[in-house]
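Remember, it's 1-based here, ligands and their atoms both numbered in the order they're listed. Only this structure's heavy atoms are used, side chains among them; waters, hydrogens and symmetry mates stay out.
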Amino acid sequence: MRVARDAEGLAGLAGGVFVPTMGALHEGHASLIRAARARAGGSLPVVVSVFVNPTQFNDPADYERYPRTLDADAALCGAAGADCVFSPPTEVVYPPGAPALVPALPPEATEPGLEDRFRPGHFAGVCRVVRRLFDLVRPSVAIFGEKDWQQAAVVRAMAARDTPWVEILTGPTVREADGLALSSRNRFLTAEDRRAALSLGAALRTAGRERSPADAEAAMRRVLTGAGVTVEYAAVRRADSLLPFADPASPRAGGDPPGRALIAGLAGAVRLIDNAAWPGGQA
Ligand code: PAF
């Protein structure tokens, strides 16, 4: 497997299947890379980027302490079927002196009041780096994880507008046996935080049994706060636009669009997000 650091290192790999990551890879990423390999078959290349993107962190300390584990990441990529790990230095992604290409943000990045509200500037950084990585890697398909549901919606909208040559696919969240969604941040959880973190999955399951979005949101908050999680949002939204349902207090009706329950909260000092189909059993 090749390790590339710049555009020259990517020579001959255009048109393949791309999995963008920030590294600290886990089984959730491995499942995306295996999906990329399955989609690519034996003929197209699979490229995984490992780049901790400074422009998407609102807290510089969070950027500094983000785990950097390139050797282990490269081993995981190879085992999952990647042909190349693209690990560029910052100046390759953001050449000094070059004008910044910052894509216009689609409504999915500004209107829902979810990650956009609690992480101002985050999606501007995500759109900027994804667009730049697409220009460097030139994939025909890119795969994103569903744990970052809003991110996937933002990237899908941006790509449909700006880079229609890239098909956007998503892969399901991978969980521990006890329901905790895999995340690069889980390594920062103390034993006590981890017990609290289990309430995110429990809250999503509880939400799936409620009949209206408003009842589901109230139920999620009860579960999360009861477990000691500081809730940023616990919302039930339309799965596509992430906007609220027309009448959140009404029980779900047959013709309603698919819904998604989404949570962000702090277990101790660790910010976690999770989401699931609402009501349960939908894609
Ligand atoms: O999901 C991530 O790991 C990052 O937001 C991404 C898409 C690789 C952009 O830096």
Side-chain angles (χ1 to χ4, degrees), residues 4 10 17-33 35-36 46-60 62-70 72-74 76-77 80 82 84-90 92-94 100-103 105-106 108-109 114-116 118-137 139 141-159 162-163 166-174 181-188 262 264 270-275:
L10 290 166
V17 185
F18 178 41
V19 182
T21 83
M22 295 207 300
L25 303 183
H26 49 64
E27 182 51 31
H29 299 104
S31 76
L32 299 181
I33 299 165
V46 171
V47 177
V48 179
S49 64
V50 171
F51 177 65
V52 185
N53 174 35
T55 65
Q56 72 185 74
F57 286 83
N58 352 49
D59 177 0
D62 201 18
Y63 169 69
E64 289 306 330
R65 75 171 186 156
Y66 197 88
R68 275 106 169 143
T69 56
L70 186 58
D73 292 346
L76 180 145
C77 290
C84 173
V85 173
F86 177 44
S87 168
T90 306
V92 166
V93 178
Y94 300 123
L101 174 63
V102 185
L105 290 181
E108 289 81 352
L114 302 173
E115 291 300 289
D116 48 310
F118 289 93
R119 301 189 68 189
H122 171 68
F123 286 127
V126 169
C127 287
R128 187 174 169 197
V129 78
V130 168
R131 179 61 214 270
R132 174 72 179 137
L133 290 170
F134 283 180
D135 281 343
L136 286 161
V137 177
V141 179
I143 307 187
F144 293 79
E146 291 178 0
K147 191 168 78 64
D148 293 283
W149 188 268
Q150 189 176 1
Q151 170 175 276
V154 168
V155 168
R156 198 181 288 111
M158 180 189 70
D162 296 345
T163 54
V166 187
E167 180 187 357
I168 306 298
L169 301 178
T170 60
T173 301
V174 177
L182 294 193
S183 165
S184 310
R185 294 168 187 263
N186 289 354
R187 69 189 66 200
F188 299 126
L262 305 108
V270 184
R271 185 175 192 274
L272 298 173
I273 58 172
D274 202 353
N275 68 85

(request) Kindly indicate whether a cation-pi arrangement holds for R68 with Y63, taking the cut-offs as under 6.0 Å to the six-membered ring centre and within 45° of the axis. (result) yes

(message) If we ignore hydrogens and angles and just use 3.5 Å, is the side chain of Q150 paired with the main-chain N or O of E108 as donor and acceptor?
(response) yes

(message) I'd like to check which ligand 1 atoms, numbered from 1 as shown, lie under 4.0 Å from a non-hydrogen atom of Q56.
(response) 4 (C), 5 (O), 9 (C), 10 (O)

(request) Check whether any side-chain heavy atom of V154 lies under 4.5 Å from a side-chain heavy atom of C127, and answer yes or no. (result) yes

(request) Please check if the side chain of D73 supplies one atom and the backbone of G23 the other of a donor-acceptor pair under 3.5 Å. (result) no

(request) Show which atoms of ligand 1 fall inside a sub-4.0 Å distance from at least one heavy-atom site of V129. (result) 9 (C), 10 (O)

(message) I'd like to know if R271 and E115 make a salt bridge, using a cut-off of under 4.0 Å between side-chain N and carboxylate O.
(response) yes

(request) Enumerate the atoms of ligand 1 whose separation from the nearest heavy atom of T21 is less than 4.0 angstrom. (result) 8 (C)

(request) State the atoms of ligand 1, each with its element, that fall below the 4.0 Å cut-off from a heavy-atom position in P20. (result) 8 (C)

(message) Please compare Q151, H122, R132, H29 and report which has the shortest non-hydrogen distance to atom 2 (C) of ligand 1.
(response) Q151

